[in-house]
> 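I'd like to ask some things about the structure below.
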Amino acid sequence: MGSTINSFAVSQLGSLISKFRWDASVRHRSVSSRKLIKFRANSSRVYGISAARQNENIGDLSSSGKTLAADYFEGNEGANDAAEILQPLWDDGFGTQTFKDYLEIEKDIVRPDYGPPRWFCPIECGCPLKDSPVLLYLPGLDGLGLGLILQHKALGKVFEVRCMHIPVFDRTPFQGLVNFVENAVKLESASSPKKPIYLVAESIGACIALSVAARNPVIDLVVILINPATSYSRSQLRLLLPLLEALPDQLCTMMPYLFSMTSERCFHDLGDSIKRAMLNTSGFSLAEGAKEVFRNLAALSQPLSGLADIIPVEFYTWKRKMLKTAAAYANSRLHAVKAEVLVLASGKDNMFPSEDEGRRLSDTVGNCKFRGFKDNGHTLLLEGTVNLLTVIKGTGHYRRKTKRDEVSDYVPPSLSEYKLAFDKILGYYRLATSPVMYSTLEDSNIVRGLRGVPDKGPVLLVGYHMLLGAEIYSLVEGFLREKNMVVRGLSHPEMFTKNFRSKYAESSNFDLFEVFGALPVSERNLFKLFSAKSHVLLYPGGVREALHRKGESYKLFWPEQPEFVRMAVKFGVTIVPFGVVGVDDIVELFLDFNEQMRIPFLNQQIRQQNHKAIKLRNRIERTGEEVSHQDLFVPGFYPKIPGRFYFLFGKPIETEGMKECLKDEKLTKILYKKIKSEVEKNIAYLLEKREQDPYRNILKRMAYLSMHVDHVPSFDT
C-alpha cells in the first residue's frame, strides 16, 4: 500500500503556459520495500514544467534527494477510459483504506528530498467520469498531502484529484504557497473556463484556499474548508506551541502527535494510554509530574518514532509562525471572497475552536454553508466516519459546469452511502415499519414486489403523501434494492434553501435526501427529468398532505388543475399511480396545524416561518382550494407500537399516443381524474387487505425473523 501511494507524478512551479495530457509508466523505487514498482498517471495536467523536464522531477523520495530515471512510453493507452455515467450502488471504495495505511505511507513520503512544493495525483483515484472537474487538495499542518487517503477512490470517480505536497525541509513562506496554488488555479481556469475548480483545504491549507479565492473573485471556485486555521488566534494551539518548542529535544518526539494525532476517534487507544500516563504521575511535584507525563507519552509514541527522527524541531517552529501569518492574512480578506464555500467543522477538535469558527465564517462569507460533525476530531477526513463525496453531494456542491444542473450533475448513491443510510441510520426504522410492496402487472394481477413498475423510463410515480413523508425512505430503498434504480423525488424548494438547512447545520439526514435523488419541484426540473428518461416521484398533494390535520388520514388534497399531465403526455411518460398506508400504525397525531394556530406563541412562530418560506401554487390561492394551504410547521405526535407500511403500485398508464390531450383540455382532466381515482382505489385496497396480514404487529414479525432470514410474509393478493 505504501509503495503504491508513494509513487506519484510531481510538478514544480514554473512557466508552462499551455496544458497537455500525458500518460506515463514510471518505474519508481519504494523507500520502504526498495522494490521497483510501476505506476501510471493518466490524464493529468502538470503545472510549471515542460515536457522535456518531466522525467527530471519524478523520482525517489529518499533521504539522499536523488531521482531515478523515468521511462516514458509513447501512446495514449487508457486516455479514453473515462466513463460516461455511474450506475446506482457503485463501489466508491470508501472504507477500504484506514488510518493505519496513512501512518504506513507517511513514514515513506515524509523522508526529505529537499525539493520545492509540488502536486501529485494518487493512483487510487483512478480515471474519473468524463468532463469531471479538477480538485486541488491543500493539506494541513503536516503538508504531506495524504489527508484524502481514505477518500481517494470515491473522489477519484468524479474529480481529477491533485494533492499538494510540501517536503519537510522546504521553507516556502505562506505568500509563496499562495502564489503556488494561485498559479495552478489560473492555469486550470484558462484551460477549462467553463468548469469549476475545487479547493479542498484543511487547517492552514484553508487559509491558503481563502486567500486564493479572495485574490481571484472572477474564477469559478468551490472552496471546501475542513477545520480551518483562521481561528488560530482563539485556539489553544497558540499557547501550546511555544511551550513545546521550549522542551528539551528528547521530549520533542511528541510533536508528531500534536500535528498528526489530534483525533479522538483515530486514537481512542492513545487517549486511554494518556490517561494511564497521567495516573502514573501521582506522588510527583507539578514540574516533575509534567516531565513524567511527557516521558510516559514518549514511550507510547512508537508508531511515529520514525517521524520524530526525520522531522526537525525547526519544522514546527516554522509552522507556528506561518499559522499566525496565514490566519491574519486570510481573515483580513474574507470580505473579498466571492467563491462558493462549504465549511466542515468538528465538534471535538482539540486544536482549533472549529465549530464556532465554522458558524462565524458562515455568517461572514457571503456564499457560505456550514456543516458540523459533533463527534469528530481535528483529522475529520482520516477518521473513517465521514465520506467527503457524500457531504459534497448532500450539500448540493457537486457540479461540472458554471451552473449546477440537478439532473445532469447528479451522481447516484454508492453502495457505502446506501449502507450508511438504510443500514446504519434508518436500520431500526426499516425494522419497525417492515415495508411490503405490491405492484400491478399488465394483466391487472397484483404481485408482491416491483415487477409491475416499468424498468424503462421516463416513468412518473404519482401517489399519496403520508404524514411527514414517512413513506419516502422505504420507497427509495425498495427501488434501489429490488430494481437498482434511483427514484428522483420532487420536493418542496424550501428544503433546499440555506435558511432551512441552517436549522440543521449539524450533518443531518436532510443532506441524504439530495444524495438519494431529491430535487426542488419545478416545471423546469420535471422537464429535464423526463428528457433524461428518469423515474420520477411526484406528490400532487405536497405539503398539505404530508402535514395533514386530524381526521384527514389517507385523504387526497390534489389541485383541480392537472398540473403534470400535459408534460407527461408530451414526453410519452408511463404514469404509475400508487397508494401507501401505515403511518397511522406508527404515530398518533395529537397537535395539528389548527390547534397550534390557537396557541399564541406557536401562531406567531408559524407565521414568521412561513412568511420567509418559498411559496408554491400562488396561482390557485385565490380559488380557495385546500391544497393551496402549504403552511410549514412541525405537528405534535407520539409514537405507537409499530405496525407496518404497505405500498401498492397500480397498473401503468401509457401516455404514448395520447397527443390529443395536448389540444383538448377535457381529455387532460379526464386522464388526471383517472390517475387520482386509481390512487384512491389503491389506498382503499391496502386499508382492507392489511387487516388480513398475520404479521402486521411488530412482535409477530420479530418472532418470525428470529427463526427465518427471508422477508416477512404478508397478506395474499
Side-chain angles (χ1 to χ4, degrees), residues 88 393-394 406 410 412-413 417-418 420-439 450 453 459-483 485-496 500-501 504 508-521 525-526 529 534-548 553-554 556-557 564 576-587 589 616 630 632 634-635 637 639 642-649 679 682-683 686:
K393 294 193 300 178
E406 287 92 348
Y410 177 68
E417 290 167 341
Y418 175 89
L420 169 68
F422 298 111
D423 291 343
K424 184 176 180 180
I425 297 177
L426 296 171
Y428 288 112
Y429 183 79
R430 176 175 56 190
L431 185 66
T433 59
S434 188
V436 56
M437 297 186 177
Y438 296 89
S439 60
L450 298 173
V453 179
V459 172
L460 179 63
L461 308 174
V462 184
Y464 169 70
H465 219 359
M466 289 202 299
L467 183 66
L468 297 174
E471 80 287 347
I472 293 177
Y473 312 104
S474 304
L475 190 151
V476 170
E477 184 201 7
F479 273 82
L480 277 169
R481 184 184 66 251
E482 186 171 335
K483 300 179 80 71
M485 184 181 295
V486 176
V487 174
R488 304 300 308 273
L490 292 167
S491 307
H492 197 292
E494 183 66 19
M495 287 183 57
F496 302 88
F500 181 86
R501 292 291 183 91
Y504 307 95
S508 67
N509 297 344
F510 281 99
D511 288 345
L512 289 177
F513 278 104
E514 283 199 60
V515 172
F516 286 90
L519 69 168
V521 61
N525 282 339
L526 189 60
L529 288 169
S534 302
H535 282 62
V536 185
L537 175 62
L538 177 66
Y539 294 104
V543 171
R544 182 60 183 85
E545 274 180 10
L547 300 177
H548 62 252
S553 296
Y554 308 120
L556 300 187
F557 292 94
F564 59 88
V576 180
F578 73 92
V580 56
V581 301
V583 71
D584 55 333
D585 273 353
I586 303 297
V587 297
L589 184 63
L616 290 179
Q630 300 278 327
L632 301 174
V634 179
F637 60 90
R644 198 172 191 182
F645 284 177
Y646 303 87
F647 293 80
L648 174 58
F649 295 88
V679 173
N682 292 339
I683 293 174
L686 292 173

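Values reported hereafter were calculated over all heavy atoms of this structure, with side chains retained and with hydrogens, waters and symmetry mates removed.
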> Side chains of P493 and V521, heavy atoms from C-beta outward: is any pair under 4.5 Å?
yes
> For T433 versus S474, what's the shortest heavy-atom pair and its separation?
OG1-OG, 4.1 Å
> Can you give me the closest heavy-atom contact between P413 and V486, atom names plus distance?
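Result for this residue pair: CD-CG2, 3.6 Å.
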> Can you measure from CE (M466) to CD1 (I586) and round to the nearest 0.5 angstrom?
8.0 Å
> Hey, what's the ring geometry for H465 with Y539, parallel, tilted or perpendicular (30° and 60° as the breaks)?
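Parallel.
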> Considering all heavy atoms of both residues, which atom of L512 and which atom of A421 are nearest to each other, and what is their separation?
CD1-CB, 4.1 Å
> List the steps and the verdict of side-chain contact (heavy atoms from CB on, under 4.5 Å) for E471 and Y464.
CA-CA 9 Å; E471 80 287 347; Y464 169 70; over 6 Å; no
> Mark yes or no for whether E406, through its side chain, and L519, through its backbone, hold a donor-acceptor pair below 3.5 Å.
no
> Which pair of non-hydrogen atoms, one from A432 and one from P642, has the smallest distance, and what is that distance?
O-CB, 3.4 Å
> Distance from F578 atom CZ to L537 atom CG, nearest 0.5 Å?
5.0 Å
> Contact between L468 and V587 at the side-chain level, heavy atoms closer than 4.5 Å - yes or no?
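L468 vs V587: side chains apart.
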> Is it true that a side-chain atom of R488 and a backbone atom of G517 form a donor plus acceptor pair closer than 3.5 Å?
yes
> How about H548 and S553: do any of their side-chain heavy atoms sit closer than 4.5 Å?
yes
> Evaluate whether atom OH of Y554 has more than 12 neighbouring non-hydrogen atoms of other residues, nucleotides or ligands under 6.0 angstrom away.
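It does: Y554 OH has more than 12 such atoms within range.
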> Any non-hydrogen side-chain atom of Y473 less than 4.5 Å from a side-chain atom of P435?
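A side-chain contact under 4.5 Å is absent here.
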> Can you check whether P577's main-chain N or O pairs, donor with acceptor, with N682's side chain at less than 3.5 Å?
yes
> Can you list every salt bridge (Lys or Arg N to Asp or Glu O under 4.0 Å) pair that touches residues 425-438, not counting sequence neighbours?
D423-R430, R430-E477
> As an exercise, state the distance from CZ of F479 to CG of L450, rounded to the nearest 0.5 Å.
5.0 Å
> What's the spacing between D584 CG and L467 CG if we round to 0.5 Å?
10.0 Å
> Once the angle between the rings of F422 and Y418 is folded into 0 to 90°, is it parallel (under 30°), tilted (30 to 60°) or perpendicular (over 60°)?
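Answer is tilted, since the angle falls between 30° and 60°.
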> Which atom names give the shortest non-hydrogen contact between F557 and E545, and what distance separates them?
N-OE2, 3.0 Å
> Working to the nearest 0.5 angstrom, can you tell me the gap between M495 CE and F513 CZ?
4.5 Å
> Kindly determine whether E417 and K393 satisfy side-chain contact (heavy atoms from CB on, under 4.5 Å), including the steps that lead there.
CA-CA 11 Å; E417 290 167 341; K393 294 193 300 178; 2.9 Å; yes
> Can you give me the closest heavy-atom contact between P540 and G463, atom names plus distance?
CD-O, 3.9 Å
> Could you grab the distance from atom CG of L475 to atom CZ of F645, nearest 0.5 Å is fine?
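It comes to 11.5 Å.
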